[in-house]
Amino acid sequence: MTDEDLGSFADFGGSGDDASAGATDETGVDATGRDADADESDGTGAETDDAFERVAYDGANGDGLGVLAVSEGLRIGEREDETRLRAYVTSANRSNVRIGRYLVAPYPDGESLFCRIVGLEYGQRFHGDDANEIHARRAMDGSAIDEDDYTFIADLEPVSVLYRDAGELKRRMADRVPKPETVVREADDDEEIKTALKIPESGVFLGHLAVGGETVRTGATPPTIDYRVTDDYATGDPLAFRHTLVAGGTGSGKTHTAKNVLRQYLGEERTYPVEAGSDREVRAAVVQFDPQDEYAQMHDDNPEAGTEDERRWEREGIAHGGHDDTVAFVPKVGNATYTAAHHDAEQIPFTVPFSMVRSRPWLAASAGLNDNQYPALQTLLNRFFDRRGASGTYEGFCSFLDDPALKEELDESGKIHEATYEAVFRRVRGMPNGVFDQDARPITDLVREFVKPGRLSVVPTYHVSDSRATETVVLALASLLVDEKLSSDPRFPRIAETPLLVGMDEAHNFLADADTVQARQVVGKFTDAAKQGRKERLGLFLITQDPQDVAESVFKQVNTKVVLNLGDEDAIKSVNIPPALAEKVPYMETGQMVVYSPDNSEPVELLGLPTCLTRHGRG
């Protein structure tokens, strides 16, 4: 075959002459496919179609942080370890991304996936080795990092799917996978965040939603997210009666936080039915046992609170200011004297009458009783009160026991062995001096003042130097409240009919597990109270720095756990909060807390109010 056999290319426009190169068709497009009017040169003689145009890109458009990445899979599973959800974060947004932040990924149909950042990772965009001298020296010389050379990936944990039903925003479990390359944005809508995390719109204020010690901000006014605990029968039982634990070490803001929460329960608008199904509602009574003498200060306004603080609290519907109906019920114990220059609350002295021991034998022994000694003490107390009646005193009981004839009679009859009798006598005589029957009105005569709707009754014990005396006073009063609440035939109807919150600071000192019969009796009583609190409108508000020492049977009835900084590993394990939150606890600053309340919301981090709502501190 020769060149002649192939024919001429000119017939197909393939000639290289200028005429054929410039030929156009009827549409104005030349033979090369370019617009005939387009410039053919950049002035340097180079054709434009030989040049490569670069497009600058500075980050995601709009409010997006990045897009969902599918390179390693995109999966939503029933179990956490089956879920793979990762987002590529654009370079312009990387400095603002933090673990714990909440993100939203929309679905095409208007629903959206609400998720939490649980991991952040840099990766190399191009294969190379940056572990070498050149890279190190360049970085040490202060050369800026080119973010475009690296990938930045956020691992996400799905929290819930958000959707609208008849215009109302609702949530459900994460049950569908979003599309690849879906743009993700930071959650910044109040309604969206509260719905996704199941935070109630109303209830008892605890603090503001936070991530990494910083409050979550929104576009609303105020810009913070208020966290509240359900307190309305219309949406379920008030969580006050399903019990609260505030745990935190020294300097964590534990008492500050407890005061702020208790102040909400004392708000004028907060009422509860006097009994199940009743239309009549009254305010709750709060009884606070106070070993450090700090809670009676709630009577007074906080002098450190400014006008702006008060305006902000009013805007958010937070009860604040001194609670006028605060009374300090001061136990009279031996020669101990109580001074109260740090608060202006009314003071009412009282004594614990020995008659309370008849139904609470464990109050009368200074040390632990075994399974033989406890029934013996009960027998002796019954015999004593049968003879003396309600007027029987501690000194009278000691004299009653110091009777050789009684001891011999009981030993010979086989009712109480002589050695057991003597052991009981030693423990009764070993009680601290001046616990019972002092020169003050018996607390049983003060019940209508001690438990009063809307009143904060504080029982300070700091002035009582003997720890056993303090324990006896606190347990005597607390058991009186619990017994009356649980009784089918209460002696004091005021207690039975009044919604009641019993606050106990240093709860580990009073509700600890132990092997003695006394401890089992006390723990059993409060376990029953915790189990039946919802029905009887009785709430326990426990405050402690050693939660691991609170009896497990009581602890496991607590629904709402507010955990501030704890440095002890055993203490952190004992509060039984999700691992992701537990890991934060040792590093939290004053006022920073995590809240685990499964029946109220998803586990969250909060920041408490920096200024106490009432007076706080001795300064």
Side-chain angles (χ1 to χ4, degrees), residues 289 329 331-334 350-403 406-407 410 415-416 420-447 450 459 461 464 466-487 489-492 495 510-511 514 516-526 528-529:
F289 296 100
F329 286 82
K332 180 85 170 176
V333 178
F350 73 91
T351 187
V352 176
F354 189 70
S355 59
M356 291 181 64
V357 175
R358 182 167 193 172
S359 56
R360 306 167 187 87
W362 38 271
L363 289 173
S366 60
L369 299 170
N370 61 32
D371 291 329
N372 291 324
Q373 294 163 357
Y374 189 75
L377 175 60
Q378 288 181 302
T379 299
L380 291 167
L381 284 169
N382 288 336
R383 191 158 182 166
F384 171 72
F385 282 111
D386 285 344
R387 293 185 181 181
R388 305 290 179 86
S391 62
T393 64
Y394 169 73
E395 291 299 331
F397 184 55
C398 290
S399 298
F400 172 76
L401 294 180
D402 193 16
D403 181 357
L406 177 62
K407 179 174 65 175
L410 295 174
K415 292 182 178 179
I416 301 177
T420 301
Y421 187 101
E422 291 176 351
V424 170
F425 189 25
R426 287 194 301 271
R427 283 161 174 74
V428 171
R429 291 292 297 178
M431 286 293 293
N433 182 50
V435 174
F436 301 107
D437 307 316
Q438 298 301 289
D439 185 20
R441 290 180 66 188
I443 191 63
T444 47
D445 290 350
L446 293 168
V447 165
F450 187 52
V459 183
T461 56
V464 182
D466 190 292
S467 61
R468 177 57 188 163
T470 297
E471 182 180 349
T472 302
V473 170
V474 171
L475 292 179
L477 270 61
S479 64
L480 170 66
L481 300 174
V482 169
D483 288 341
E484 289 298 303
K485 270 295 186 185
L486 303 185
S487 175
D489 184 23
R491 176 185 172 192
F492 301 103
I495 298 176
F510 308 104
L511 300 177
T516 66
V517 177
Q518 289 162 292
R520 291 199 296 269
Q521 291 286 328
V522 172
V523 169
K525 184 184 297 293
F526 280 87
D528 290 341

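These numbers come from a predicted model, not from an experiment.
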Student: With sequence neighbours left out, which residue pairs that include part of residues 372-382 fulfil the salt bridge (charged side-chain N to carboxylate O under 4.0 Å, His left out) condition?
Tutor: none
Student: When you compare the side chain of Pro331 with that of Thr351, does any pair of heavy atoms fall below 4.5 Å?
Tutor: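 In short, these two side chains do not touch, never coming nearer than 4.5 Å.
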Student: Using atom types as modelled and distance alone, determine if a side-chain donor or acceptor of Gln438 lies under 3.5 Å from a backbone N or O of Phe436.
Tutor: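 Side chain of Gln438 to backbone of Phe436, a donor-acceptor pair under 3.5 Å: yes, one is there.
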Student: Is any side-chain heavy atom of Thr461 less than 4.5 Å from a side-chain heavy atom of Phe289?
Tutor: no
Student: Give a yes or no answer on whether the side chain of Thr393 reaches the backbone of Gly396 with a donor-acceptor pair at less than 3.5 Å.
Tutor: yes
Student: Any heavy-atom pair between the side chains of Ile416 and Val424 that's under 4.5 Å?
Tutor: no
Student: For Asp386, does the CG atom have more than 12 heavy-atom neighbours from other residues, nucleotides or ligands under 6.0 Å away?
Tutor: yes
Student: CG/Leu410 to CG/Leu380 distance, rounded to the nearest 0.5 angstrom?
Tutor: 6.0 Å
Student: To the nearest 0.5 Å, tell me how far Ser359 OG sits from Leu381 CG.
Tutor: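 Output value for this atom pair is 10.0 Å.
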Student: Thr472 versus Met431: any side-chain heavy-atom pair under 4.5 Å?
Tutor: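 Heavy-atom side-chain distance check passes, below 4.5 Å.
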Student: Hey, does Thr420 have a side-chain heavy atom less than 4.5 Å from the side chain of Gln373?
Tutor: yes
Student: I need the Phe397 CZ to Phe425 CZ distance, nearest 0.5 Å.
Tutor: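 So the CZ of Phe397 and the CZ of Phe425 are separated by 9.5 Å.
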Student: For Gly368, does its backbone N or O pair with a side-chain atom of Arg427 as donor and acceptor, under 3.5 Å?
Tutor: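 Side chain of Arg427 to backbone of Gly368: a pair is present.
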Student: Taking only distance into account, with no hydrogens and no angle test, what donor-acceptor pairs under 3.5 Å do side-chain atoms of residues 474-485 form with protein atoms, sequence neighbours excluded?
Tutor:
residue	atom	partner	partner atom	Å
Ser479	OG	Arg360	NE	3.2
Ser479	OG	Leu475	O	2.7
Ser479	OG	Ala476	O	3.0
Asp483	OD1	Lys525	NZ	2.8
Asp483	OD2	Arg360	NE	3.1
Asp483	OD2	Arg360	NH2	3.2
Asp483	OD2	Lys525	NZ	3.4
Glu484	OE1	Arg491	N	2.8
Glu484	OE1	Phe492	N	2.7
Lys485	NZ	Ile495	O	3.2
Lys485	NZ	Ala496	O	3.3
Lys485	NZ	Thr498	O	2.6
Lys485	NZ	Glu536	O	3.1

Student: Can you name the closest pair of heavy atoms from Val459 and Phe450 and give their distance?
Tutor: CG2-CE1, 3.8 Å
Student: Could you measure the distance from the CZ atom of Arg426 to the CG atom of Leu401? Nearest 0.5 Å is fine.
Tutor: 12.5 Å
Student: Measure from the side-chain N and O atoms of Tyr394 to the backbone N and O of Asn433, and report whether any donor-acceptor pair falls under 3.5 Å.
Tutor: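 A pair under 3.5 Å: no.
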Student: Step by step, work out the side-chain contact (heavy atoms from CB on, under 4.5 Å) result for Phe510 and Val522.
Tutor: CA-CA 8 Å; Phe510 308 104; Val522 172; over 6 Å; no
Student: Determine whether Val473 and Val333 make a side-chain contact, defined as any pair of heavy atoms from C-beta on separated by less than 4.5 Å.
Tutor: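 The answer is yes; the side chains approach within 4.5 Å.
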Student: Of all heavy-atom pairs between Tyr421 and Phe400, which one has the smallest distance, and what is that distance?
Tutor: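 Nearest heavy atoms, Tyr421 then Phe400: OH-O, 4.2 Å.
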Student: Looking at Phe385 versus Phe354, is the centre-to-centre ring distance below 6.0 Å?
Tutor: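 When the ring centroids of Phe385 and Phe354 are compared, they turn out to be within the sub-6.0 Å range.
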Student: Check side-chain hydrogen bond (donor to acceptor under 3.5 Å, both in side chains) between Arg520 and all other residues, then give those that pass, not counting sequence neighbours.
Tutor: Asp371
Student: Less than 4.5 Å apart, side chain to side chain, heavy atoms only: is that true for Val428 and Leu377?
Tutor: yes
Student: Testing the basics here: between Asp437 and Pro353, what is the closest heavy-atom pair and its distance to 0.1 Å?
Tutor: OD1-CA, 3.5 Å
Student: Between Pro432 and Ala469, which heavy-atom pair has the shortest distance, and what is it?
Tutor: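 Looking at all heavy atoms of both residues, the shortest contact is CG-N, 3.7 Å.
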